[in-house]
Every structure is written in structure tokens, then in C-alpha cells.
Amino acid sequence: MTVRTRFAPSPTGFLHIGGARTALFSWAYAKKHGGQFILRIEDTDVARSTPAAVQAIMDGMHWLGLDYDEGPFYQMQRMETYKKVLQSMLDAGTAYYCYSSKAELEALREAQTLAGEKPKYDGKWRPEVGKLLPAIPADVKPVIRFKNPQTGVVAWDDLVKGRIEIANSEMDDLIIARADGTPTYNFCVVVDDFEMGITQVIRGDDHVNNTPRQINMLMALGATIPQYAHLSMILGGDSQKLSKRHGAVSVMQYHEDGYLPEAVLNYLARLGWSHGDAEIFNRQQFCEWFDLAHITPSAAQFNTEKLNWLNAHYIKEANIDALASDITTRLASMSIEVTLQPKLQDVLGLYRERANNLNQLANDIVYFYARPQANVADVDKHLTPDIKPILLELADSLSTIEWKAETIHHEINELVTKHALKFPKIAMPLRVILCGIAQSPSIDQVMALLGQQETLARIRLALKA
RNA sequence: GUCCCCAUCGUCUAGAGGCCUAGGACACCUCCCUUUCACGGAGGCGACCGGGGUUCGAAUCCCCGUGGGGUCGCCA
């Protein structure tokens, strides 16, 4: 049987880190087994679903490179199917109409909670042999409930958590169609997973409690039960649950924040899954290695430091032209236009090893394309009066040499020797003048890239002030 | 409260009864490299939640406790 997995988000917001990981694992599992990965949009909550959210989810998946083989399927476009199945269950007696009103149900719940009981539907309208049902109230539109078995247990071997058993007595008859006739989540999932031939349901931990109900419905429909794998949740850096209100951000936010998709993907893969001591692996390698057996059943805390480390790695590895293109965009958003000289690729060659973030990288190299505002503290510390004449001397000698890092280095060394100084005594003020701050790569290489004319101009301008 | 799930360094994790004096990675600390800051290299610090069992032997299996989380919607 070919593997078929799905990612089934509800379009009520962006694709956040937890959803992205669920999608990633489902996708990888399908890839690993040569199967199909299906995208299904669960939009039956009409009030909260938006097209913008659908787009945001697809954007996030695209950025991470999670392509789907089928879909997107929209549940709202599958109403006919659901209605048909609903009717068949009604006919088969595995579902029934319930005329308890919302208010009635609410009162029931309240009373049960007050009595310290687990809130459950009381089965008022559940048909039983020999049971007399109440008179149908004229003013209530009925919902449809699934007739859940009342005895025995539902069990499945969760691919992540192992065997899970839940007693049917713990469950009540859930509503599968609202009073307006529209089907509800648990029902749609069951019908879709069945009809789409899903073989492995890989989803969040929060669905564990839905699983026995879904299995019961699947059985009522005579369907084969898929395998289930429940992924534990991702916690924020403060070990608190990630939610819209607390720390959950769109995966696209990571793009904006200067992360490479390769880094985010690698990081997410390693969060709750492992392959021995492997830490760094690309998309393809991950697909080859991925298995459900090595997923951790416990929750994992998000750690930005490690993401940064991976990001640094992928920045070093990135194709230089692709990197240049990305950085050009980021510089443009700072109103910095990249000129032909110095060549951005060369500048990045000098700087990429020092960066763990694309925004930081862009920010660090701005001075190549715009004269920097020198940091005052650095000026005071390094551009001391005694060094100014020597720098002027340097500017003069530099004006006649062949412009290469080696020759520049040679000239500085000459001066260092002549005045019996240490190299940094000259290098540091040069950094301040040329870069605006006292930290930079090798100063001769910086000068070589910056160009003779611009370098000398900046030095002379600074000394005049 | 109910039911369900989870529990190894600060964090992510390896670990399928002896290979564990518990391994790797991030972070942190020290040293080296060095022209500053990074990068890189070499070291270091640092954990099996507690208690009972089972076993010749338990991080690993079982039970209890504790702690954390999820769930109990005409939301998904």
C-alpha cells in the first residue's frame, strides 16, 4: 500500500512553527516512503476561516520547500460528500438527531461541572431498543450526533507514543452536524481521511483525545483505520506553550528576521526527532533519514541560539549569488543601493563567515555602499591626536601604490616600523574611519575592497574634522 | 475535577537491561589562532524527578508518588 499523508490546517491564521513542523514530518514521511503528501484545508469554521490565511499557510510551506502532491482540498467544497455520508449513517442507525437546545446543553454541562463530574451529553435523544424518546420540540432545529459505543475500549498503537487505550464510557455522542446542517470537524476529518486514503495521520498532540472518536466513526463506516502518529508540542523559549497570544510567530517572520529556510527546516527537523548525533542535514538527507520511530514523545522547547548557529552554518554554505540577491533586497529595504563596486559577492565573501543572521549581515556591510557615521566612543578611543599625522602620512603613501590587500598591508607595516608602533594602533583608527566602528575583518582586505579613491577620501575627510 | 500523554546536562537530544565512569549539539567558561570583532581549533563545566519493585545487573521494564502538558465546544 502506498503511503499517503496529509497536512490539514484550519485557515484561521498564519503557519506557525508548530504547524510547520507537523507539515514537515508528514511531508518527509511521504517522501521517505515514495508516497503522496496531501494538503487539505479544514475551513468548516466559516466565521474564522479566511482566504488570506490559506495564502499565508501556502506561502509558509512554499518558503520551506514543502510541496504537496495533491490538493489543496477545501472541506467547504466537499459538502455534498459529507451530507451523503451523514444520511447513510442516519439510515444505518450509527447517527441520530438530537433536539437538545444549546441552552439546555449548557445547563447540563454546568450542573455536571458543579457536581464534579466530567461534562458529557446525557444521551437524551439517543435511540435505544425499547426506549421511548421525548416528544420533538417544535422550536429546536436538531443536530446530528454520532452514536458512540458505550462499552469496551478503543485502542491504537500510536507510532510516536505507543499503545493508547481509552474506554468508550469516557466518550459521549459527539455532534457531527450542526443545526444548520453543516458537518463538524471530527466528522469531516474521518470522511476525508477515509476517502483520501490516508495511511498515516501525523498531527499534533492535541488530537490524541479525538482519535478514539474518529476510530469509532471510521469503524461505523466500515473503513480501514489509518495509523496515527501524535507529535508533541513545541514550547516557547520560556517553556511556556506557544500561542497566538504568546510567542507564536509565522514561519514567514523568520524570513523577515533574517533566517534562511534551510536553517529553519533543519532546526525544526531536529526538534523532537533525531538521527544519532547528526545535527546538520539538508532537505534530501532528512527525507532519507526520517522515521517516526525516532520522534521524541515529550514536548520540546524552542531555542533561538541553536537556530542562530544553524543559520550561521547555512549562510556560510549558501550559494554566493543567491545570498547576494537576498542581501540586496534587505539593503534596499534600508534604502541602501548596492553599487557595482565593491562587488557585493566579494564583500559577502569577507563577511559571511562572521554572520548568523541575514539582517545582521546586511547591516554589517552597509558601510561599503554608504559612508558611515563613526561611533563616537570608538573615535575618542582610537582616533587620538597623536595618530592623526601618521594616518595622513599613510594616506599619502597609499595614494601611489598598486591597490591590493598585500601592498596595503605592506605600507601599514612600514609605517608601524618607522614610528615604532603596534599594528592595531593604526588599524583601529582606520576601522573607525572606514567602517564607523572598531570591529571589522582584516583592515587591509576591507580597504582593498572599498577601493583606493573611497578609502583615501574617507581618511582625509576624517582627519580634516 | 475527568480521562489521556509526558519526564536524561540550562536547551535540543543519544540511549530498545550489561557497550554508560551516561555520548553528541547549542549556550556558557578557559586556552590557542589573531590586527580588533567574529570565524575556526583544543579543552572544561554540566543531567538519568523521587520512592518502591523485577533482575546477577535498570537511564532503560513494572507500580506508586511528584511535577508538567493536553482534553472534556453546534472550534479546529
Side-chain angles (χ1 to χ4, degrees), chain A residues 8-12 42-45 47-49 75 98 100-102 105-106 109 112-120 141-145 158 160-162 164-167 169-172 174-186 188-189 204-212 230 232-233 235 237 239 241 267 270-280 293-294 296-310 312 316 351-356 364 378 382 409 412-413 416 422-428 430-432 435 437-444:
Chain A
S10 61
T12 55
E42 312 219 315
D43 54 356
T44 54
D45 185 353
R48 295 199 301 148
S49 299
Q75 290 188 323
C98 165
S100 293
S101 69
K102 273 187 184 181
L105 258 16
E106 220 164 283
R109 247 194 308 272
Q112 288 168 327
T113 307
L114 217 61
E117 292 164 25
K118 181 172 185 162
K120 275 198 292 190
K141 281 202 145 188
V143 298
I144 300 174
R145 286 183 186 271
D158 197 277
V160 171
K161 294 179 183 295
I164 299 177
E165 290 188 357
I166 294 174
S169 58
E170 286 299 322
M171 290 174 256
D172 61 1
L174 76 157
I175 293 170
I176 56 177
R178 302 177 180 93
D180 66 6
T182 58
T184 59
Y185 167 76
N186 276 105
C188 295
V189 167
D205 220 346
D206 46 335
H207 290 291
V208 167
N209 292 284
N210 288 326
T211 306
H230 287 99
S232 56
M233 58 192 322
L235 308 174
S239 85
K241 184 192 175 182
Y267 180 74
R270 207 46 202 75
L271 202 57
W273 175 82
S274 62
H275 183 77
D277 287 340
E279 293 288 352
I280 291 177
H294 288 86
T296 320
S298 55
Q301 199 174 314
F302 193 89
N303 182 229
T304 307
E305 299 292 340
K306 190 155 182 178
L307 208 211
N308 288 343
W309 173 72
L310 280 166
K316 282 177 203 153
Y351 264 89
R352 69 194 307 193
E353 297 234 325
R354 322 161 62 82
N356 63 13
D364 285 351
D378 283 337
H382 299 291
H409 189 90
I412 298 176
N413 259 339
V416 162
K422 299 250 188 201
F423 197 97
K425 187 70 181 161
I426 291 182
M428 297 307 277
L430 280 176
R431 287 196 168 91
V432 177
C435 318
I437 54 170
Q439 291 80 40
S440 84
S442 200
I443 193 63
D444 46 12

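Within every chain, numbering begins at 1; the chains are lettered A, B, ... in the order of the sequence lines, protein sequences first and strands thereafter.
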Approximate separation, where rounding is to 0.5 Å, of [X] [atom1] and [Y] [atom2]:
X: I164(A); Y: D158(A); atom1: CD1; atom2: CG; value: 4.5 Å
X: I144(A); Y: T182(A); atom1: CD1; atom2: OG1; value: 10.0 Å
X: K120(A); Y: R109(A); atom1: NZ; atom2: CZ; value: 14.0 Å
X: Q439(A); Y: M428(A); atom1: CD; atom2: CE; value: 6.5 Å

State which residues pass side chain to side chain contact (heavy atoms under 4.5 Å, CB included) with [X]; sequence neighbours excluded, sorted by chain then number.
X: M233(A); result: L235(A), K241(A), A299(A)
X: T113(A); result: P119(A)
X: D206(A); result: none

Using the [atom1] atom as the point on both nucleotides, what is the distance between [M] and [N], in whole Å?
N: U36(B); M: C31(B); atom1: P; answer: 15 Å
N: G57(B); M: A42(B); atom1: P; answer: 41 Å
N: C62(B); M: U55(B); atom1: C1'; answer: 12 Å
N: U11(B); M: A16(B); atom1: C1'; answer: 25 Å
N: G10(B); M: G46(B); atom1: P; answer: 10 Å
N: C32(B); M: G24(B); atom1: C1'; answer: 23 Å
N: A22(B); M: C48(B); atom1: P; answer: 10 Å
N: G41(B); M: A25(B); atom1: P; answer: 10 Å

Please list, pair by pair, any protein nitrogen or oxygen found under 3.5 Å from a nitrogen or oxygen in nucleotides 46-49 of chain B.
none

For this session: Kindly write out the residues that satisfy side-chain hydrogen bond (donor to acceptor under 3.5 Å, both in side chains) with S100(A), not counting sequence neighbours, or none if the list is empty.
Result: W125(A)
Exercise. Which part of the nucleic acid, if any, lies within contact of P212(A), taking any heavy atom under 4.0 Å across all strands shown: a base, the sugar-phosphate backbone alone, or nothing?
Worked result: nothing
For this session: Quick one: label N308(A) by what it contacts on the DNA or RNA (base, sugar-phosphate, nothing), any heavy atom closer than 4.0 Å.
Result: nothing
Exercise. Should L430(A) and I412(A) count as side-chain neighbours, where that means a heavy-atom distance under 4.5 Å?
Worked result: yes
Exercise. Does I426(A) reach the side chain of V416(A), with side-chain heavy atoms less than 4.5 Å apart?
Worked result: yes
For this session: Without swapping roles, check the side chain of R178(A) against the backbone of P183(A) for a donor-acceptor pair under 3.5 Å.
Result: yes
For this session: Determine which nucleotide pairs with U54(B), using a 3.5 Å limit on both distances of a Watson-Crick or G-U wobble pair.
Result: none
Problem set entry | Strand partner of U30(B), provided both Watson-Crick or wobble distances fall under 3.5 Å | A42(B)
Exercise. Reading nucleotides 70-76 of chain B 5' to 3', which nucleotides get B (base under 4.0 Å from a protein heavy atom), which S (sugar-phosphate only), which -?
Worked result: BSSSBBB
Exercise. How does protein reach along nucleotides 11-19 of chain B, written 5' to 3' as B (base within reach of a heavy atom under 4.0 Å), S (only sugar-phosphate), or - (no contact)?
Worked result: SBSSS----
Between [atom2] of [N] and [atom1] of [X], the distance in whole Å:
X: N356(A); N: G40(B); atom1: CG; atom2: P; answer: 10 Å
X: E305(A); N: A25(B); atom1: CD; atom2: P; answer: 17 Å
X: E165(A); N: U2(B); atom1: CD; atom2: P; answer: 20 Å
X: R431(A); N: U36(B); atom1: CZ; atom2: C1'; answer: 4 Å

Exercise. Which residues satisfy the ring pair (Phe, Tyr, Trp, His ring centres under 6.0 Å) test with H409(A), sequence neighbours excluded?
Worked result: F423(A)
Exercise. Which residues satisfy the ring pair (Phe, Tyr, Trp, His ring centres under 6.0 Å) test with H207(A), sequence neighbours excluded?
Worked result: Y185(A)
For this session: Compare the minimum distances between each of A7(B), C39(B), C5(B) and the side chain of P297(A), then state the nucleotide with the smallest one.
Result: A7(B)
Is there any protein nitrogen or oxygen under 3.5 Å from a nitrogen or oxygen in nucleotides 31-34 of chain B, and what are the pairs?
none

Exercise. Hey, which of L310(A), N308(A), T304(A) is the one that makes side-chain contact (heavy atoms from CB on, under 4.5 Å) with Y267(A)?
Worked result: L310(A)
Exercise. Taking only residues two or more places apart in sequence, or in another chain, which ones meet K118(A) in a salt bridge (charged side-chain N to carboxylate O under 4.0 Å, His left out)?
Worked result: E170(A)
Check the interface with nucleotides 63-68 of chain B: list each N/O to N/O pair with the protein under 3.5 Å, or write none.
none

Problem set entry | Sidechain N-carboxylate O distance under 4.0 Å for K161(A), D205(A) | yes
Problem set entry | Non-hydrogen atoms of R431(A) and P441(A) that approach each other most closely | NH2-O, 3.4 Å
